[in-house]
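What you see is a predicted model; the values in this text were computed from it and never measured. Numbering of ligands and ligand atoms starts at 1, following listing order.
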Amino acid sequence: MTKLSFQICNGIKSVIGESKFSLHEPRFNKEELNNLKDCIDTTFVSSIGEYVDKFENLISEYTNSKRVIAVVNGTSALHLALKVAGIKANDEVICPSLTFVATANAISYLDAKPHFVDINEKTLGLDPKALNKWLDEIVVREDGQIKNKNTGRKISAIVPMHAYGHPVEIESIKEIANRYDLFVIEDAAEALGSFYKNKHTGTFGDIGILSFNGNKIITTGGGGALLTDNDEIAEKAKHLSTTAKIKHKWEFVHDQIGFNYRLPNLNASLGCAQMRKLPKFINSKRVLFSKYYEAFKCIKGIKLFSEPINSKSNYWLQTLILERGYEEELPEILDMTNKCGLMTRPAWELIHNLPMYRDCPRAPLPIAESLAKRIINIPSSAFLI
Ligand SMILES: *Cc1c(COP(=O)(O)O)cnc(C)c1O
């Protein structure tokens with residue numbers, strides 16, 4: 001065992017104890033059980049039922065997003081958001097390479113191409129400076145369109161992602177997007193409960209999305225949502241999520257190729273109970289951060305990632321960053337911590353290194369390349385403290 005991996009094992013144990021904990025686990029109590037029982041007793045388990053509306057209203061109140069459309073998962077929320085934003089086949093959509101694969105997959109579902117731009121070391125998300133510089137370099141305006149002069153394709157949107165719950169510099173990114181007439185769709189899948197300048201993540205862009213997968217800060221089993229202040233976009237998204245069926249007492253008429261993406265009542269009932277716990281979860285995670293911070297602050301070679309300026313983070317996943325020069329320690333640290341029963345994970349493989357995305361356009365990605373070798377997520381569940 002190297003000194004650093006030993007220190008990290010001890011640091012984690014000093015905060016959460018000797019038990020085995022995974023990276024992130026949900027917590028339920030009687031309220032979830034009662035809500036589920038209610039769905040079963042009333043037989044409203046599927047796409048119709050009062051919990052869906054209730055859940056949407058709770059999210060709307062909490063995020064201050066005018067409209068919320070609950071769907072089956074975060075990936076479908078992204079797909080639908082890009083679709084209603086009008087992203088077309090062969091468009092290019094700017095996104096980070098350090099993200100969960102769903103960000104790029106959703107772009108590809110529309111036969112559009114992800115176009116990777118570098119991230120910022122302080123936020124772990126898209127870097128406005130790198131974005132600005134890159135767009136200045138490659139954009140040409142042709143027939144009223146913003147085009148990538150290297151590929152000839154239209155660039156139509158930017159999808160920033162708030163990594164591990166930490167807000168990106170979304171205002172600067174929006175300014176750049178405005179200058180180039182690009183849609184902004186915020187992948188806030190990990191960022192429910194995170195605020196930038198006191199405004200909820202996912203409410204800055206034209207559309208934002210959330211995920212309520214089992215490993216996220218609250219869960220509905222599977223689930224996701226679109227956030228928007230634009231009524232027209234909201235109506236379109238809701239219509240498309242419900243097979244584009246025209247409301248009628250008995251007729252089955254659909255006016256486009258829609259999707260079966262609506263969140264079932266059963267899942268929404270879990271979400272209603274979970275939303276009441278969200279403030280407590282966030283509080284615990286912020287306390288967990290400060291305890292880990294104390295445990296790691298004197299260890300040479302690592303730093304616990306802390307929320308960027310102007311933001312209040314949900315600290316969804318706690319993140320250790322190896323200092324430059326310590327990259328080689330990563331495999332040993334992952335091996336030792338996991339052998340000790342402490343679940344740790346590296347960052348996602350960068351998307352542009354995955355076989356299906358290798359040929360996508362990209363800016364230089366030095367920060368993403370470097371951070372991908374230096375990120376370690378450590379046990380982060382809200383109930384750990
Ligand atoms: C979880 C996640 C998604 C997808 O959400 P699902 O509900 O799992 O489909 C998308 N983007 C990011 C960054 C995520 O972490």
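- Taking atom 5 (O) of ligand 1 as the reference point, the nearest protein heavy-atom neighbour is Ser211 OG, 3.3 Å.
- For Ala106, the closest heavy-atom approach to ligand 1 does not fall below 4.0 Å.
- Remark: the Arg374 side chain and the Ser370 side chain contain an N/O donor-acceptor pair separated by less than 3.5 Å.
- Atom NZ of Lys245 has more than 12 neighbouring heavy atoms from other residues, nucleotides or ligands inside a 6.0 Å radius.
- Residue contacts with ligand 1: Trp348 is placed with no nitrogen or oxygen under 3.5 Å of a nitrogen or oxygen of the ligand (distance criterion only).
- Heavy atoms of His162 stay at 4.0 angstrom or farther from ligand 1.
- Each of the atoms 2 (C), 3 (C), 10 (C), 11 (N), 12 (C), 14 (C) of ligand 1 lies under 4.0 Å from some heavy atom of Ala189.
- Taking the side chain as every heavy atom from C-beta outward, Asp136 and Tyr180 approach each other to under 4.5 Å.
- The shortest N or O to N or O distance between Trp316 and ligand 1 is not under 3.5 Å.
- Proximity of Thr75 to ligand 1, defined as any heavy-atom pair under 4.0 Å, is shared by backbone and side chain alike.
- Using cut-offs of 30° and 60° for the angle between ring planes, the Phe55 and Phe212 rings count as perpendicular.
- Closest to atom 11 (N) of ligand 1, if we only count protein heavy atoms, is Asp187 OD2, 2.8 Å.
- Close approach of ligand 1 to Ala102 (heavy-atom distance below 4.0 Å) involves ligand atoms 4 (C), 10 (C).
- His79 and Tyr109 have perpendicular rings, their planes meeting at more than 60° on a 0 to 90° scale where under 30° would count as parallel.
- Relative to the ring axis of Phe296, Lys303 does not place its NZ or CZ within 45° and under 6.0 Å from the centre.
- The contact set between ligand 1 and Asn73, taken as ligand atoms under 4.0 Å from a residue heavy atom, comprises 7 (O), 9 (O).
- Both tests pass for Arg27 against the ring of Phe383: distance under 6.0 Å to the centre and angle within 45° of the axis.
- Distances below 4.0 Å separate heavy atoms of Lys216 from the following atoms of ligand 1: 1 (C), 2 (C), 14 (C), 15 (O).
- In this structure, Glu25 and Asn215 have side chains that are not in contact, with every pair of non-hydrogen atoms separated by 4.5 Å or more.
- Residue contact check: Gly223 has heavy atoms under 4.0 Å from atoms 7 (O) of ligand 1.
- Between His248 and Trp250, the ring planes lie perpendicular to each other; the angle is over 60°, past the 30° to 60° tilted range.
- From the protein, the heavy atom lying nearest to atom 15 (O) of ligand 1 is Glu190 OE2, 2.5 Å.
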